[in-house]
Amino acid sequence: MRTKIKDILSRDEADYKVNVKGWVRSFRNNQFIALNDGSCLANVQVVIDLGTDENIVKKITNGASISVDGSVVASQGKGQRVEVKADSVTILGECDPEKFPLQLKNRPSLEYLREIAHLRFRTNTFGAVFRVRHALAYAIHKFYNDRGFVYMHTPIVTASDAEGAGEMFRVTTLPFDNPPRTEDGAIDFKEDFFGRSTNLTVSGQLEAELGATAFGEVYTFGPTFRAENSNTARHLAEFWMIEPEVAFNDINDNMDLAEDFIRYLIKYVLDNNREDLDFLAQRLAEEEKQKPMNERSEMGLIEKLTFVVDNKFERITYTDAINILLDSPAYKKKKFQYDVKWGIDLQSEHERYLVEKHFKKPVIVTGYPKDIKAFYMRMNDDGKTVAAMDILAPGIGEIVGGSQREERLDMLMKRMEEMHISHEELYWYLDTRRFGTVPHAGFGLGFERMVLFVTGMTNIRDVIPFPRTPKNAEF
RNA sequence: UCCCCGAUAGCUCAACGGUAGAGCAGGAAGCUGUUAACUUCAAGGUUCGAGGUUCGAAUCCUCGUCGGGGAGCCA
């Protein structure tokens, strides 16, 4: 019966028999094995006799997998309280040190580790990141389950291309070198697998709204695909998104939910993944030391997370945001590359100014001009703005985008016409407004952006196991 | 997609247009309660690819590939 290293270290007692299995992180002095089994960040020290069979000792190399039978004893050394005194060591899988691409003592760069993503889980950093990622995923389900939400699986393959959330990946079984054609030469999607043109989903929101008008409170948590040629540290072609949708909620309820949600997730990880977070905090602090003074962040990772848990997000309207920007020293000194005036979409530099310079905390911006937002957002009484809300996080930018939805059939149809979206194609969406329509609201939280925020990592490719980005679908 | 920067030993990085180096890893030997163990020795290179300039190119120029930072699009 195998005992996990996490259990040995947290039990913190001596004088009992165990079997431990894991991967060798380092082997010192022909005697001391630092063994890691992924159950926690820390290694357990395995001590073997100097007289151990040389054929075994030779195979205890970095990366090798071993099984150890022995006793947990109080350590004579300084670095640990308990260690495993081995009675016998079995090599499960050898690891040729000459060929093993992961050499931990060389401080491999994140970029290099990305090239060996199949092995990078075996590092402290990625071990911590992906344990935290898991904890966040679990906490998401727990948060909504505890509040009576129904977890809804919205389709991955969709025929709807009206969501306007970005470029889509086509799903087809047609031969691309010689597709069937209609009489006028267009590709005949009637011949395709689904009998129509289909794509990978860019959002589960429209389907989630259907669920919300029956269950009241639903959420989705699934993969999402955007075929945008985005090459940034914040974009993936395949990413995960959480989209709660709640009947009878207005925009203020929506903000409350999003804020409670984010704060809950951070608190969950602070309470349950402290060892990993402390390691990531230390990693980040060392990285910050490399930066010039004026680029360093004022707070450490733990401090930042605690601050977010303890403080309300700032809530401002789009119009307030524009006025703050117009009044800012940055604007007056012409520091902004893009001009500021009512009606523009806020640029990255504007969002960063609001979040990182002016408020220095997460900011919720509401009431955006209708012309820069999607058709389904509820029109405000002024006829110019919609009940949209974006949550902007320091260092990440937009982490949540949501709105109260337009529940009034006539208003919704008018907006769709203005934006050239077919009523026929979305008849099922409009039906929710035809039959027992209710006010409702929801939002989308980018899961990887949340993981970025919590772990303090800076590239989104380092918080998803196998990133899909333009020109990269390895593994 | 656009702008800027980069690619040199397995990894992290040096090298003014003039003999490609170091640390670590890996190999050999030693030491033995170590903590990224330590000490000694030996080995390790198509300088990303294709062209070009030059007596001579890692170094300069052009194109390409890949990576990083920023922007756009967004979550």
Side-chain angles (χ1 to χ4, degrees), chain A residues 25-34 42-51 57-58 61-63 73-80 83 85 95-116 123-124 163-167 202-205 223-243 258 291 295 336-338 345-352 372-374 390-393 396-402 443-453 458-464 469-472 474:
Chain A
R25 284 287 177 85
S26 88
F27 185 32
R28 295 181 287 269
N29 222 351
N30 275 4
Q31 233 187 130
F32 304 100
I33 302 165
N43 306 319
V44 75
Q45 172 155 286
V46 173
V47 186
I48 65 169
D49 285 335
L50 280 169
V57 174
K58 268 198 301 198
T61 57
N62 293 352
V73 298
S75 178
Q76 298 172 39
K78 278 179 187 156
Q80 55 285 315
E83 63 195 15
K85 179 95 184 71
C95 185
D96 184 343
E98 204 161 351
K99 292 179 183 155
F100 190 43
L102 182 62
Q103 289 161 3
L104 298 169
K105 289 173 196 171
N106 287 334
R107 301 188 176 235
S109 63
L110 293 176
E111 291 79 22
Y112 172 71
L113 290 170
R114 215 173 286 152
E115 291 170 20
I116 52 166
T123 64
N124 284 339
E163 292 155 29
E167 292 297 311
V202 293
S203 163
Q205 180 203 316
T224 310
F225 305 88
R226 306 267 169 97
E228 300 287 351
N229 191 7
S230 296
N231 290 289
T232 80
R234 299 180 300 283
H235 288 86
L236 291 164
E238 176 184 283
F239 64 100
W240 290 64
M241 186 155 66
I242 301 99
E243 295 175 288
K291 292 185 187 170
E295 285 175 29
F336 291 135
Q337 192 186 336
Y338 292 86
D345 209 349
L346 296 178
Q347 302 295 314
S348 280
E349 57 179 356
H350 304 142
E351 296 181 350
R352 293 184 73 131
I372 59 172
K373 288 292 180 183
D390 283 357
I391 301 186
L392 310 176
I396 312 284
E398 187 178 342
I399 194 164
V400 161
F443 61 85
L445 171 78
F447 184 53
E448 283 76 18
R449 288 188 182 175
M450 188 68 202
V451 181
L452 273 183
F453 186 75
T458 50
N459 193 314
I460 203 161
R461 293 161 198 198
D462 295 330
V463 298
I464 188 167
T469 52
K471 303 276 182 280
N472 179 27
E474 188 71 33

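Note that the coordinates shown come from a computational prediction; the quantities given were computed from them, not determined experimentally. Numbers restart at 1 for each chain; the letters A, B, ... are given by sequence-line order, proteins then strands.
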Integer-rounded Å distance: [N] [atom2] and [X] [atom1]:
{"X": "Asn231(A)", "N": "C74(B)", "atom1": "CG", "atom2": "C1'", "value": "14 Å"}
{"X": "Gln347(A)", "N": "G70(B)", "atom1": "CD", "atom2": "C1'", "value": "13 Å"}
{"X": "Phe225(A)", "N": "C73(B)", "atom1": "CZ", "atom2": "C1'", "value": "19 Å"}
{"X": "Asn472(A)", "N": "U65(B)", "atom1": "CG", "atom2": "C1'", "value": "14 Å"}
{"X": "Gln337(A)", "N": "C4(B)", "atom1": "CD", "atom2": "P", "value": "13 Å"}
{"X": "Glu351(A)", "N": "G70(B)", "atom1": "CD", "atom2": "P", "value": "14 Å"}
{"X": "Ile460(A)", "N": "G69(B)", "atom1": "CD1", "atom2": "P", "value": "12 Å"}
{"X": "Ile116(A)", "N": "G67(B)", "atom1": "CD1", "atom2": "C1'", "value": "15 Å"}

Spacing of the [atom1] atoms in [M] and [N] (rounded, Å):
{"N": "A58(B)", "M": "U19(B)", "atom1": "P", "value": "10 Å"}
{"N": "C55(B)", "M": "C48(B)", "atom1": "C1'", "value": "27 Å"}
{"N": "A14(B)", "M": "G30(B)", "atom1": "C1'", "value": "31 Å"}
{"N": "A7(B)", "M": "G49(B)", "atom1": "C1'", "value": "11 Å"}
{"N": "G45(B)", "M": "G51(B)", "atom1": "P", "value": "23 Å"}
{"N": "G18(B)", "M": "C60(B)", "atom1": "C1'", "value": "15 Å"}
{"N": "C11(B)", "M": "G26(B)", "atom1": "P", "value": "14 Å"}
{"N": "G21(B)", "M": "C74(B)", "atom1": "C1'", "value": "46 Å"}

query = Between Ser26(A) and Arg28(A), does a side chain to side chain donor-acceptor pair (under 3.5 Å) hold up when you go through it step by step?
reply = CA-CA 6 Å; Ser26(A) 88; Arg28(A) 295 181 287 269; 3.0 Å; yes

If you look at every strand shown and take non-hydrogen atoms under 4.0 Å, does [X] touch a base, only sugar-phosphate, or nothing?
{"X": "Leu236(A)", "answer": "base"}
{"X": "Asp345(A)", "answer": "sugar-phosphate"}
{"X": "Gly444(A)", "answer": "sugar-phosphate"}

From the options [options], select the nucleotide whose nearest atom is closest to the side chain of [X].
{"X": "Lys471(A)", "options": "C66(B), A37(B), A75(B)", "result": "C66(B)"}
{"X": "Arg226(A)", "options": "A71(B), G33(B), A75(B)", "result": "A75(B)"}
{"X": "Pro97(A)", "options": "U34(B), G27(B), G72(B)", "result": "G27(B)"}
{"X": "His235(A)", "options": "G33(B), G72(B), G26(B)", "result": "G72(B)"}
{"X": "Asn459(A)", "options": "C74(B), G69(B), C73(B)", "result": "G69(B)"}
{"X": "Tyr338(A)", "options": "A37(B), G33(B), G72(B)", "result": "G72(B)"}

If you take atom types as modelled and just measure distance, does the side chain of [X] reach the base of [N] with a donor-acceptor pair under 3.5 Å?
{"X": "Glu228(A)", "N": "U1(B)", "value": "no"}
{"X": "Ser230(A)", "N": "C73(B)", "value": "yes"}
{"X": "Glu83(A)", "N": "G33(B)", "value": "yes"}

ask   = Does a sphere of radius 6.0 Å around CZ in Arg352(A) hold more than 12 heavy atoms from other residues, nucleotides or ligands, not counting ones at 6.0 Å or beyond?
value =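 Atom CZ in Arg352(A) is not packed in, count stays at 12 or less.
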
task = Start with the C-alpha gap between Leu50(A) and Gln31(A), add the side-chain angles, then the distance that decides, and say whether side chain to side chain contact (heavy atoms under 4.5 Å, CB included) holds.
result = CA-CA 6 Å; Leu50(A) 280 169; Gln31(A) 233 187 130; 4.0 Å; yes

request  = Starting at the 5' end of RNA chain B, write a dot or bracket for each base, bracketing those in Watson-Crick or G-U wobble pairs whose two distances are under 3.5 Å and using | for partners on another strand.
outcome  = (((((((..((((....[..))))..((((.......))))......(((((..]....))))))))))))....

[N] phosphate, OP1 or OP2: any side-chain N/O from [X] under 4.0 angstrom?
{"X": "Arg234(A)", "N": "A71(B)", "value": "yes"}
{"X": "Arg28(A)", "N": "A37(B)", "value": "yes"}
{"X": "Thr232(A)", "N": "C74(B)", "value": "no"}

Sequence-distant partners of Glu83(A), salt bridge (charged side-chain N to carboxylate O under 4.0 Å, His left out), two or more places apart =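 In terms of salt bridge (charged side-chain N to carboxylate O under 4.0 Å, His left out), with neighbours along the sequence ignored, Glu83(A) is linked to no residue.
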
Polar atoms only, N or O, under 3.5 Å: list the protein pairs with nucleotides 6-13 of chain B and their distances.
unit_1: G10(B); atom_1: N2; unit_2: Gln103(A); atom_2: OE1; d: 3.3
unit_1: G10(B); atom_1: N2; unit_2: Asn106(A); atom_2: ND2; d: 2.6
unit_1: G10(B); atom_1: N3; unit_2: Gln103(A); atom_2: OE1; d: 3.4
unit_1: U12(B); atom_1: OP1; unit_2: Ser109(A); atom_2: OG; d: 2.7

query = Is a side-chain donor or acceptor of Asn459(A) paired with a backbone partner of Arg461(A) at a separation under 3.5 angstrom?
reply =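 Pair found, side chain donor or acceptor close to backbone of Arg461(A).
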
query = Taking for each residue the nucleotide of RNA chain B bearing the nearest heavy atom, is the 5' side occupied by Gln80(A) or by Asn229(A)?
reply =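 On the 5' side of the pair lies Asn229(A).
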
task = Tell me which of Asn62(A) and Phe27(A) sits closer to the 5' end of RNA chain B, going by the nucleotide each one is nearest to.
result =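 Checking each residue's closest nucleotide, the 5'-ward one belongs to Asn62(A).
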
For [X], all residues meeting side chain to side chain contact (heavy atoms under 4.5 Å, CB included), sequence neighbours excluded:
{"X": "Asn229(A)", "value": "Asn231(A), Pro470(A)"}
{"X": "Thr123(A)", "value": "Leu102(A), Leu104(A), Leu113(A), Thr125(A), Phe126(A)"}
{"X": "Tyr112(A)", "value": "Pro101(A), Pro108(A), Ser109(A), Glu115(A), Ile116(A)"}
{"X": "Lys58(A)", "value": "Asn55(A)"}

query = Under the criteria of a ring-centre distance below 5.5 Å and an interplanar angle below 30°, is Phe239(A) stacked with the base of A75(B)?
reply =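 One would call Phe239(A) stacked on the A75(B) base.
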
request  = Report the distance from atom CD1 of Ile48(A) to atom CZ of Phe27(A), rounding to the nearest 0.5 Å.
outcome  =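 Here the rounded value is 4.0 Å.
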
inquiry  = If the condition is ring-ring contact (aromatic ring centres under 6.0 Å, His included), which residues does Phe453(A) pass it with, not counting sequence neighbours?
reply    =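 Partners of Phe453(A) by the ring-ring contact (aromatic ring centres under 6.0 Å, His included) criterion come out as none, since no residue qualifies.
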
With sequence neighbours excluded, residues passing ring-ring contact (aromatic ring centres under 6.0 Å, His included) with Phe336(A) =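 His350(A), Tyr353(A).
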
